[in-house]
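Chain identifiers are assigned alphabetically (A, B, ...) following the order of the sequence lines, protein sequences preceding nucleic acid strands; residue numbering begins at 1 within each chain.
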Number of protein chains: 2
Amino acid sequence: MTTPTRRLSRTDWAAAALAAIAESGMSAVAVEPLARRLATTKGSFYWHFANREALIEAALELWEQEHTEAVIARVEREVDPRQRLRLLLTSAIILAQEDLIDAAVLAGARHPLVAPVLARVTERRVDYLAQVFRQLGFPPAQARDRGLLAYTAYLGQTQLIQAGLSAVPSHGPGMRRYVDRILGILTNP
Amino acid sequence: MTTPTRRLSRTDWAAAALAAIAESGMSAVAVEPLARRLATTKGSFYWHFANREALIEAALELWEQEHTEAVIARVEREVDPRQRLRLLLTSAIILAQEDLIDAAVLAGARHPLVAPVLARVTERRVDYLAQVFRQLGFPPAQARDRGLLAYTAYLGQTQLIQAGLSAVPSHGPGMRRYVDRILGILTNP
DNA sequence: TCCATACCGTACGCTACCGTACGGCGGTGA
DNA sequence: TCACCGCCGTACGGTAGCGTACGGTATGGA
């Protein structure tokens, strides 16, 4: 995973912080515990970062890149907009189960450093969804409504899982049927 | 609100803790800050509670009662199931905007004391919604699906608001039309 | 009136974490 | 080989909150 060198980079710290957020939330971004986890000391940390805030910012920046821009870029390689939407939905469903980072960031929505990033990411994702619906032929206003609806469903789903009550088939043909049903509802004029 | 006496009860502390959760999340349930806020000292607190955990438990118990059982009891006074559903939806929409406690508890879903309470509350709410749909004439399995769908929409909505992007008319005739639309979708066979 | 009981104030020790100061080590270029 | 620089280890002081010990006060019932 990380290089076998014992010297750490700024990005190593940011990645560790992001992992800590996913596991235990914002409060887990603490310098000394992270240092223990990375088998180093605060001396390393304060060389790469001015303070704890700077680390949180770096971690959230990483999240924004990897969990929004990168996903959009990958989906954009699909040519057919309907296939794009399907790919988006399936990856969202799978991610909502395995990957806890989105839920963890949502949970920290009130944190002053999280709020602006979260707002940007939410807007970006809804915008992209709306764009896909426009490419499917819906007029702008309707496209945005449907984008919002789709994203709300995603959020609600992650929260249900957080609450320990998953009700969505997360794999296999059950999921395929489920995705098709959702797709039908979302694209039905 | 509270009695003009300066002596506090166990419930006063629990209510203050719940308010603190709504404002600033689980980590805000801290003895000394709460004591300052109540214009008293830790001496009072440790008379009424064994420790911080006990306070969190009491606060969550209060939440469970006031934000689930009490709402259900009030809605139950409505005779027509379709009216019950409408009342439930409108109060949910209004609450999702004004009242931040539900979102704050969701945000603490990973906390060991929150998780079981949240699981119970979620189950209870979905069960109740399913019951209403059964009373509307849907067969049990379909009723549960629709209950889940409705609750997912509620959760997604609160999360969107948390992310600073509200897209739902929260009052007036706009909300009435919106509720009617939702009602139509949810009860359409 | 007097005392028991319920409740609160205060001082203390403990732990976890933040941030700083500074010394040291190891690799790289002259 | 030596000096320099990037990176890390360590020790320290400061703060915030938890929990405890114990003394103090007020209030209602005998």
Please report the C-alpha distance between B/H48 and B/D12 in whole Å, then the side-chain angles of each, then the deciding distance to 0.1 Å, and finally whether the side chain to side chain donor-acceptor pair (under 3.5 Å) criterion is met. CA-CA 10 Å; B/H48 294 290; B/D12 290 326; over 6 Å; no
Trace of the side-chain contact (heavy atoms from CB on, under 4.5 Å) decision for B/T158 with B/L106: CA-CA 10 Å; B/T158 63; B/L106 248 320; 5.7 Å; no
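- The distance from atom CH2 of A/W47 to atom C1' of C/dC25 is 14 Å, rounded to the nearest whole Å.
- In this structure, A/F49 places its CZ atom 14 Å from C1' of D/dC7, rounding to the nearest Å.
- The side chain to side chain contact (heavy atoms under 4.5 Å, CB included) test with A/R84 is passed by exactly one of A/Q131, A/E76, A/R77: A/E76.
- Contacts between residues 20-40 of chain A and DNA chain D, counted as heavy-atom distances below 4.0 Å, involve A/T40.
- For the pair B/S44 and B/W13, the tightest heavy-atom approach, listed with the atom from each and the gap, is OG-NE1, 3.1 Å.
- Near DNA chain C, meaning a heavy atom under 4.0 Å away, there are no residues from residues 53-62 of chain A.
- In this entry the distance linking CZ of B/R52 with C1' of C/dA16 reads 13 Å, nearest Å.
- Counting to the nearest Å, the C1' atom of D/dC7 and the NE2 atom of A/H48 are 7 Å from each other.
- The separation between A/F45 atom CZ and C/dT20 atom P is 11 Å, rounded to whole Å.
- Under a 4.0 Å N-O distance rule, the pair A/R144/A/E123 qualifies as a salt bridge.
- Remark: B/F49 pairs with B/F45 by the ring-ring contact (aromatic ring centres under 6.0 Å, His included) rule, at least two apart or across chains.
- The CZ-C1' distance, from A/R10 to D/dC7, rounds to 15 Å in whole Å.
- Looking only at atom types and distance, the side chain of A/T68 has no donor-acceptor partner in the side chain of A/W63 under 3.5 Å away.
- Between the CH2 atom of A/W13 and the C1' atom of C/dC18 there is a distance of 13 Å, rounded to whole Å.
- Ion pairing between a basic and an acidic side chain is recognised when a charged N comes within 4.0 Å of a carboxylate O; A/R86 and A/D80 show no such pairing.
- Side-chain proximity of A/T41 to D/dC18, C/dC8, D/dG9: nearest is D/dG9.
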N/O contacts under 3.5 Å, protein versus nucleotides 20-29 of chain D?
none

For residues 22-30 of chain B, please give each side-chain donor-acceptor pair under 3.5 Å, one per line with the distance, not counting sequence neighbours.
unit_1: B/E23; atom_1: OE1; unit_2: B/R37; atom_2: NH1; d: 3.2

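- Regarding A/L8, its CG atom lies at a distance of 13 Å from the C1' atom of D/dG6, rounded to whole Å.
- The pair A/R124-A/E69 meets the salt-bridge criterion, since a charged nitrogen lies less than 4.0 angstrom from a carboxylate oxygen.
- Pairs engaging residues 154-176 of chain B under the ring-ring contact (aromatic ring centres under 6.0 Å, His included) rule: B/Y151-B/Y154 [sequence neighbours left out].
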